[in-house]
S.K.: 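My questions will all concern the structure given below.
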Amino acid sequence: MKRYIYLLLVTCLFGCSDWLNVQPSDRVAEESAFSTIAGFKQALNGVYVDLNATELYGQTLTCEMLEILAQRYNINQENKEWSAFMTYDFAGSYISNRVEKIWEKAYNLIANTNLIIKNCDERREVLPDDYYQMIKGEALALRGFLHFDLFRLFGPVYGVDSTLESIPYYKEFALDVQPTLIGTEFMKNVIVDLRAAKDLLSTDPIITNGVAGDPSDKFKSKRNLRLNYYAVQGLLSRAYMYIGELDSALVYAQNVIDVHERIFPWVTRNEAVAGTEPDRVFSSEVLFASQNRNVGGLYNSFFNGESLKISSLLGIRNDVAKYRFDNAEESDIRVLSFMKNKATVSGVDYRLFNKFESAVGDSIYSQMMPLVRVSELYLMVSEIYYEQGQKSKGAPYFNALRENRGLSGVSTSSYPSYLLDEWWREFIGEGQLFYYYKRTMAEEMHSATNAYNETSVKLSNYVLPIPDGETKYN
């Protein structure tokens, strides 16, 4: 960590992404950068922009590495690097390098959020109350969000090892290395940050105006492309669910579900499959997404079965997809919207996953990489009620999702057995399936190579190795 934060301070903070066009990064430069509202906006926007880095949600932690770890794709043996992820062989130099880049980039952005938070308070006179609350609230939310995903990657399996030492939690912009925390203490910090963010965002214009926000102020508009008041509550539900505090997870999930028909309504069948510009990411349901102008590039690099060689294709076998979607090819809008097409590559039939294929028009949803969506909350609420022995309360939430995907509901007694299947179907290309398996301590995953088989997994496979250089400092 020491070398990464030092690198950030001297080369990246005010230069590497052109976030802040100011003089060299000494104290004078920092004061200059945060001397205006525009400077704060640039700094915060820069963190959002860099969420789209290849090392983070622009590839690795959404549609590529995390999905491979979750046994999503039928990886060809010719691709040794992807095959190593598929078999959890973390010892090689390729994976070590990939993992190190995740760690470096995430903590780099955390350092930036800490600088923003510090200056929000030190330069309080620069910011009117509404900007202070929004900028500091979003920065705290980003800090909690990034730390939480680092913990879900590098931290122990919480259900069995919550008191093991994990990774550091950085709450200040400093060169000093912070001590590693045990899992319970680490997650307390995540929740403290997210709850503080929620309180600061209590006047978020999304509450009254929906995702459009404040149309008179660009910085306050398009609120589902920022960590807004409801997205933070979605993250709180996710975090509480992760540590097994089901009552708290239920409260925050229900807070969002109570307003979602007004603010985050279910996508309609027509919107999802219509014409030349279908809404394949179901954008109306997204609580928070990064705006990634390169999603079309992801499709062409990994999912275009018409042009890619088998060694370069991240493909879902057609027989696997058909089985996992329960042969609902003519009714499930997920199949009809982003898994409709097929191709045969090297003698194997694939479903072409085209959720991120560029749309013909210039719609905002053609640039969205979903990171938190309302359907996750429905699934978690149904799971919570099941775990609490109240299946009759959980089934309506589960069936609401199914019915809005074009499927019939299932009986109260049988819906828990469908939970994993809906997690598999709902978050293709979004990286959440691996975290679900880890949270539930699954020792088997649905196989990517055979529709009727499962892949055995060790709990240790869920813990990415902390980069070697970090263990020297912590």
S.K.: Are Ser290 and Asn52 close enough that a side-chain donor and a side-chain acceptor fall under 3.5 Å?
M.R.: yes
S.K.: Is the CD atom of Glu443 crowded by more than 12 outside heavy atoms at less than 6.0 Å?
M.R.: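 Atom CD in Glu443 is not packed in, count stays at 12 or less.
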S.K.: Mind telling me whether Tyr462 and Phe434 have parallel, tilted or perpendicular rings, with 30° and 60° as the class edges?
M.R.: tilted
S.K.: Would you list the pairs meeting side chain to side chain donor-acceptor pair (under 3.5 Å) in which at least one residue belongs to residues 410-420, sequence neighbours left out?
M.R.: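 Every side chain to side chain donor-acceptor pair (under 3.5 Å) pair that includes a residue of residues 410-420, provided the two are not neighbours, is Ser411-Ser413, Ser411-Ser414.
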S.K.: With sequence neighbours left out, what residues match Glu454 under salt bridge (charged side-chain N to carboxylate O under 4.0 Å, His left out)?
M.R.: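 Arg324.
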S.K.: Which atoms form the tightest heavy-atom contact between Tyr57 and Asp149, and what is the distance?
M.R.: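 Reported closest heavy-atom pair: OH-OD2, 2.7 Å.
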S.K.: I want to check something: taking the side chain as every heavy atom from C-beta on, are Phe85 and Ile95 in contact at a cut-off of under 4.5 Å?
M.R.: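 Yes; the side chains approach each other to less than 4.5 Å.
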S.K.: Looking at side-chain heavy atoms only, is the closest gap between Lys355 and Val281 below 4.5 Å?
M.R.: yes
S.K.: May I ask you to check whether Phe427 and Tyr436 place their ring centers less than 6.0 Å from one another?
M.R.: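 Centroid distance Phe427-Tyr436: not below 6.0 Å, so no.
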S.K.: Could you tell me whether the side chain of Ser312 and the main chain of Leu308 form a donor-acceptor pair under 3.5 Å?
M.R.: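 Flag not set: sc Ser312 to bb Leu308 has no pair under 3.5 Å.
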S.K.: Under 3.5 Å, is there a donor-acceptor pair between the side chain of Asn461 and the main chain of Val457?
M.R.: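 No: the side chain of Asn461 does not pair with the backbone of Val457.
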S.K.: Has the side chain of Asn74 got a donor or acceptor atom that lies under 3.5 Å from a matching backbone atom of Gly315?
M.R.: no
S.K.: Under 30°, 30 to 60°, or over 60°: which ring-plane class applies to Tyr48 and Phe288, parallel, tilted or perpendicular?
M.R.: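 Rings of Tyr48 and Phe288: perpendicular, as their planes differ by over 60°.
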S.K.: I need the Phe325 CZ to Ser331 OG distance, nearest 0.5 Å.
M.R.: 10.5 Å
S.K.: Kindly compute the distance separating CG (Asn108) from CD (Glu55), expressed to the nearest 0.5 Å.
M.R.: 9.5 Å
S.K.: Does Leu140 reach the side chain of Leu227, with side-chain heavy atoms less than 4.5 Å apart?
M.R.: no
S.K.: Can a salt bridge be assigned to the pair Arg98 and Glu81 using a cut-off of 4.0 Å between side-chain N and carboxylate O?
M.R.: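 No, Arg98 and Glu81 are not salt-bridged.
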S.K.: Which heavy-atom pair separates Ala249 from Ile384 by the least distance, and what is that distance?
M.R.: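 Scanning both residues, the minimum pair turns out to be CB-CD1, 3.9 Å.
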S.K.: If we ignore angles and hydrogens, is there a donor and acceptor under 3.5 Å between the side chains of Asp421 and His446?
M.R.: yes
S.K.: Under the rule for side-chain hydrogen bond (donor to acceptor under 3.5 Å, both in side chains), what residues qualify as partners of Tyr73, not counting sequence neighbours?
M.R.: none
S.K.: Salt bridge between Asp193 and Arg143, side-chain N to carboxylate O under 4.0 Å?
M.R.: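 Here Asp193 pairs with Arg143 in a salt bridge, since their nearest N and O are under 4.0 Å apart.
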S.K.: Please report the closest heavy-atom contact between Gln71 and Ala448, naming both atoms and the distance.
M.R.: O-CB, 3.1 Å
S.K.: Kindly determine whether Glu100 and Lys105 satisfy salt bridge (Lys or Arg N to Asp or Glu O under 4.0 Å), including the steps that lead there.
M.R.: CA-CA 9 Å; Glu100 183 174 5; Lys105 189 63 179 180; over 6 Å; no
S.K.: Just wondering, do Leu314 and Glu67 contact through their side chains at under 4.5 Å, heavy atoms?
M.R.: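 No; the side chains remain at least 4.5 Å from each other.
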S.K.: Any Lys/Arg nitrogen of Lys322 or Asp319 sitting under 4.0 Å from an Asp/Glu carboxylate oxygen of the other?
M.R.: no
S.K.: Phe338 vs Phe282 aromatic rings, parallel, tilted or perpendicular, using cut-offs 30° and 60°?
M.R.: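 If you compare the ring of Phe338 with that of Phe282, the planes turn out tilted.
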S.K.: Are the side chain of Thr60 and the backbone of Met65 linked by a donor-acceptor contact shorter than 3.5 Å?
M.R.: no
S.K.: Which of parallel (below 30°), tilted (30 to 60°) and perpendicular (above 60°) describes Tyr242 and Tyr158?
M.R.: tilted
S.K.: Any donor-acceptor pair under 3.5 Å linking the side-chain atoms of Ser283 with those of Asp279?
M.R.: yes
S.K.: Within the side chain of Asn228, is there an N or O that forms a donor-acceptor pair under 3.5 Å with the backbone of Arg223?
M.R.: yes
S.K.: Taking the basic N atoms (NZ, or NE/NH1/NH2) and the acidic carboxylate oxygens, is any pair closer than 4.0 Å for Glu422 and Arg334?
M.R.: yes
S.K.: For a quick test of reading the model, state the closest non-hydrogen atom pair linking Ile310 to Tyr350 and the distance between them.
M.R.: CD1-OH, 3.1 Å
S.K.: Would you check if the side chain of Thr62 reaches a backbone N or O of Gly431 as a donor-acceptor pair within less than 3.5 Å?
M.R.: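 No; judged by distance alone, with no hydrogens or angles, the pair does not exist.
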S.K.: Using modelled atom types only, decide if a donor and an acceptor are shared between the side chain of Tyr107 and the backbone of Pro168 within a distance under 3.5 Å.
M.R.: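 Such a contact is found between Tyr107 side chain and Pro168 backbone.
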S.K.: Please list all pairs passing the salt bridge (charged side-chain N to carboxylate O under 4.0 Å, His left out) test where one or both residues lie in residues 365-374, with sequence neighbours left out.
M.R.: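 The answer is Arg373-Glu430.
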S.K.: Of all heavy-atom pairs between Phe154 and Val463, which one has the smallest distance, and what is that distance?
M.R.: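 Taking every non-hydrogen atom into account, O-CG1, 3.5 Å.
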S.K.: Measure across Asn76 and Ser83 and return the closest heavy-atom pair with its distance rounded to 0.1 Å.
M.R.: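 Result for this residue pair: O-OG, 3.4 Å.
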S.K.: Measure the spacing between CG of Leu459 and OH of Tyr437 and express it to the nearest 0.5 Å.
M.R.: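 So the gap between those two atoms works out to 14.0 Å.
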S.K.: Do Gln254 and Tyr397 pair up side chain to side chain, a donor and an acceptor below 3.5 Å, judged on atom types alone?
M.R.: yes
S.K.: State, with a plain yes or no, whether a side-chain heavy atom of Asn318 is found less than 4.5 Å away from one of Arg351.
M.R.: yes
S.K.: Ring pair (Phe, Tyr, Trp, His ring centres under 6.0 Å) for Tyr299 and Phe356? Distances and angles first, verdict last.
M.R.: CA-CA 6 Å; Tyr299 172 75; Phe356 303 124; 9.3 Å; no
S.K.: Just to verify, what does Glu185 make a salt bridge (charged side-chain N to carboxylate O under 4.0 Å, His left out) with, not counting sequence neighbours?
M.R.: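 For Glu185 the salt bridge (charged side-chain N to carboxylate O under 4.0 Å, His left out) partners, ignoring immediate neighbours, are Lys188.
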S.K.: Calculate, to the nearest 0.5 Å, the distance between atoms CG and CG belonging to Leu109 and Leu142 respectively.
M.R.: 8.5 Å
S.K.: Are Phe303 and Leu352 packed together at the side-chain level, in the sense that at least one heavy-atom pair is separated by less than 4.5 angstrom?
M.R.: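 No. Closest side-chain heavy atoms not under 4.5 Å.
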S.K.: Side-chain contact, heavy-atom cut-off 4.5 Å: Leu420 with Thr440?
M.R.: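 Sidechains of Thr440 and Leu420: no contact.
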S.K.: Which distance, rounded to the nearest 0.5 Å, do you find between the CE of Met187 and the CD1 of Ile182?
M.R.: 13.0 Å
S.K.: Output yes when a side-chain donor or acceptor of Ser162 lies under 3.5 Å from a complementary backbone atom of Thr184, and no otherwise.
M.R.: no
S.K.: Is there a donor-acceptor pair under 3.5 Å between the side chain of Ser382 and the backbone N or O of Leu379?
M.R.: yes
S.K.: Taking NZ, NE, NH1 and NH2 as the nitrogens, is one of them in Glu64 or Arg72 under 4.0 Å from a carboxylate oxygen of the other?
M.R.: no
S.K.: Between the side chains of Asp349 and Thr344, does any donor sit under 3.5 Å from an acceptor?
M.R.: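 Yes, Thr344 and Asp349 have a side-chain donor paired with an acceptor closer than 3.5 Å.
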S.K.: Would you say the side chain of Ile75 lies within less than 4.5 Å of the side chain of Ile68, judging by non-hydrogen atoms?
M.R.: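 A side-chain contact under 4.5 Å exists here.
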S.K.: Among pairs that include at least one residue of residues 247-272, which meet salt bridge (charged side-chain N to carboxylate O under 4.0 Å, His left out), considering only residues two or more places apart or in two chains?
M.R.: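 Listed by first then second residue: nothing to list.
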S.K.: Checking Ser221 side chain against Lys218 main chain: does a donor-acceptor pair fall under 3.5 Å?
M.R.: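 Checked: pair present.
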S.K.: Less than 3.5 Å apart, any donor N or O on the side chain of Arg439 or Tyr435 sitting next to an acceptor on the other?
M.R.: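 Side-chain D/A pair, Arg439 to Tyr435: absent.
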S.K.: Could you check whether Phe398 and Tyr378 have their ring centres less than 6.0 Å apart?
M.R.: no
S.K.: Take Asn255 and Tyr230 through the side-chain hydrogen bond (donor to acceptor under 3.5 Å, both in side chains) test and state the conclusion after the steps.
M.R.: CA-CA 8 Å; Asn255 286 348; Tyr230 295 113; over 6 Å; no
S.K.: When rounded to the nearest 0.5 angstrom, what distance separates CD1 in Ile167 from CD in Gln178?
M.R.: 13.0 Å
